[in-house]
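Take a look at the structure set out below.
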Amino acid sequence: MRPPSHPASPGLAAVLRGVVADLQRASGAEMVSLYLYEEASRRFYAPVAIGQPEESLLGALEDMGEQLARYQEDVEQGKASDEIGIQQYGSTVWLTVTRRPLVAADARAEIDSTFIRRYQVASTVGLPLLASDRLLGIVYFNYQEKKGTRARASASRAPTKEQLTQLEKRVVVATATISTALAAAERSALEGVARLAGLLASPSESGDPKEMRRIFSIALAELLLAGDLDCSTIHAPLGH
């Protein structure tokens, strides 16, 4: 058997889950969420979180996309100011554009978000994942209100300046880990697509349905490997 062209490495999803778990332990935040960012399409993807329902992540991605689209539309129409505020377009746009740390010690007062109110968030920290001049994503640390305390009283749960510095260092290390995992995933995808193309470019000469199903089954397996997917299907026209 021919050895793999690249050393085996954990899947991207596993790496992201490990990063979020490590950041949650380091920060002490009840909820930590990480979103990767694709600069070419200006979209966030692959959300991973601890401490909040999985179904909330899809809604968050939709909200983030809408915020970015609204900001981009204002930019194209010359309506966006050079100094944007969090209240104008939301924390996601602010982090994406400024690429600076966001610290909202009193999240309810500083961030207009239904998420903050729904999950009783007292303080929020948002940090960009920067690899040189490339934005790989953002990570949010949400500190919830303590039961029996008022929002302002519990807002002091936000990290101190020293704690924030240590957290930023952790995020730098996490960004390097994610960058390596992304590069490995891209290599695997390219290799998988190349194998897939080779299979589909050489259909069965006999046209035998069983042989075609066998080829397509192998092709689907390659597609799953390339895209780190859970399932895939091929739909053929009736009569084929």
Side-chain angles (χ1 to χ4, degrees), residues 9-38 43-65 67 86 90-96 99 101-108 110-111 113-131 135-147 149 151 154-160 162-182 184-185 228-230:
S9 60
L12 178 60
V15 170
L16 295 177
R17 286 193 293 268
V19 164
V20 169
D22 178 69
L23 292 176
Q24 195 274 336
R25 288 190 295 269
S27 66
E30 284 79 13
M31 295 185 290
V32 177
S33 55
L34 186 151
Y35 303 85
L36 294 184
Y37 180 66
E38 185 181 64
R43 70 180 182 92
F44 285 93
Y45 68 102
V48 179
I50 288 180
Q52 68 185 74
E54 288 289 328
E55 57 269 21
S56 69
L57 296 176
L58 294 179
L61 281 180
E62 185 176 350
D63 289 342
M64 295 163 82
Q67 291 171 14
I86 297 173
S91 59
T92 295
V93 172
W94 191 90
L95 281 163
T96 304
R99 304 189 179 188
L102 164 66
V103 180
D106 188 349
R108 288 200 178 192
E110 300 177 53
I111 302 175
S113 167
T114 56
F115 178 90
I116 299 295
R117 296 187 291 273
R118 181 182 302 122
Y119 293 101
Q120 298 180 316
V121 175
S123 306
T124 295
V125 173
L127 297 176
L129 305 174
L130 294 172
L135 179 66
L136 295 185
I138 57 178
V139 58
Y140 283 107
F141 303 88
N142 290 298
Y143 299 81
Q144 291 179 298
E145 298 172 10
K146 293 291 187 180
K147 291 184 178 180
T149 63
S154 60
S156 60
R157 297 197 61 220
T160 64
E162 292 74 17
Q163 290 171 332
L164 181 61
T165 298
Q166 292 303 314
L167 196 55
E168 288 178 314
K169 291 179 180 179
R170 287 266 190 169
V171 168
V172 169
V173 174
T175 301
T177 300
I178 293 172
S179 181
T180 300
L182 281 171
D228 192 22
L229 303 173
D230 295 319

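- To the nearest 0.5 angstrom, Gln52 atom CD is 7.0 Å from Asn142 atom CG.
- The CZ atom of Arg170 sits 8.5 Å away from atom CG of Leu167, with the distance rounded to the nearest 0.5 Å.
- Within the 4.5 Å cutoff, the side chain of Ser113 has no heavy atoms near those of the Tyr119 side chain.
- Rounded to the nearest 0.5 Å, atoms OG (Ser91) and CD1 (Ile116) are 7.5 Å apart.
- Considering all non-hydrogen atoms of both residues, Ala21 and Ile50 come closest at CA-CD1, 3.4 Å.
- By the neighbour-count criterion of 12 heavy atoms within 6.0 Å, atom CZ of Arg43 is densely surrounded, having more than that number from other residues, nucleotides or ligands.
- For the pair Val173/Asp22, no side-chain contact is recorded, criterion being any heavy-atom separation below 4.5 Å from C-beta on.
- Residues Leu34 and Leu129 meet the side-chain proximity criterion, which asks for heavy atoms closer than 4.5 Å.
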> Between Thr165 and Lys169, does a side-chain contact (heavy atoms from CB on, under 4.5 Å) hold up when you go through it step by step?
Replying inline: CA-CA 6 Å; Thr165 298; Lys169 291 179 180 179; 4.1 Å; yes

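- Rounding to the nearest 0.5 angstrom, the gap separating the OG atom in Ser33 from the CD atom in Gln24 is 11.5 Å.
- Closest non-hydrogen pair, Glu145 versus Ala122, comes out as CG-CB, 3.7 Å.
- Atom-to-atom distance recorded for Ser56:OG and Leu61:CG is 10.0 Å, nearest 0.5 angstrom.
- Closest approach of Val32 to Ala29, counting heavy atoms only: CG2-CB, 4.1 Å.
- With hydrogens and angles ignored, the 3.5 Å screen pairs a side-chain donor or acceptor of Glu30 with a backbone N or O of Gln144.
- Ser179 contributes no side-chain N or O that, together with a main-chain N or O of Thr175, makes up a donor-acceptor pair within less than 3.5 Å.
- Residues Phe141 and Pro159 have side chains not in contact (no heavy-atom distance under 4.5 Å, counting atoms from C-beta outward).
- Residues Leu182 and Leu36 are in side-chain contact: their nearest non-hydrogen atoms beyond the backbone lie under 4.5 Å apart.
- A heavy-atom distance below 4.5 Å is not found between the side chains of Tyr37 and Ile138.
- You'll find the side chain of Val121 stays beyond 4.5 Å of the side chain of Ile111, heavy atoms only.
- Residues Asp63 and Phe115 form no side-chain contact, since every pair of their non-hydrogen atoms from C-beta on lies 4.5 Å or further apart.
- Taking every heavy atom of both residues into account, Gly51 and Met31 meet most closely at O-CG, 3.2 Å.
- Under a 3.5 Å cut-off, the side chain of Tyr143 and the backbone N or O of Ala105 do not form any donor-acceptor pair.
- Counted by atom type alone, Tyr35 and Thr92 present zero donor-acceptor pairs between their side chains at under 3.5 Å.
- Summarising the geometry, atom CD1 belonging to Ile86 is positioned 4.5 Å from atom CG belonging to Leu102; distances are rounded to the nearest 0.5 Å.
- Side-chain N or O atoms of Glu110 include one that pairs as donor or acceptor with a backbone N or O of Asp106 at under 3.5 Å.
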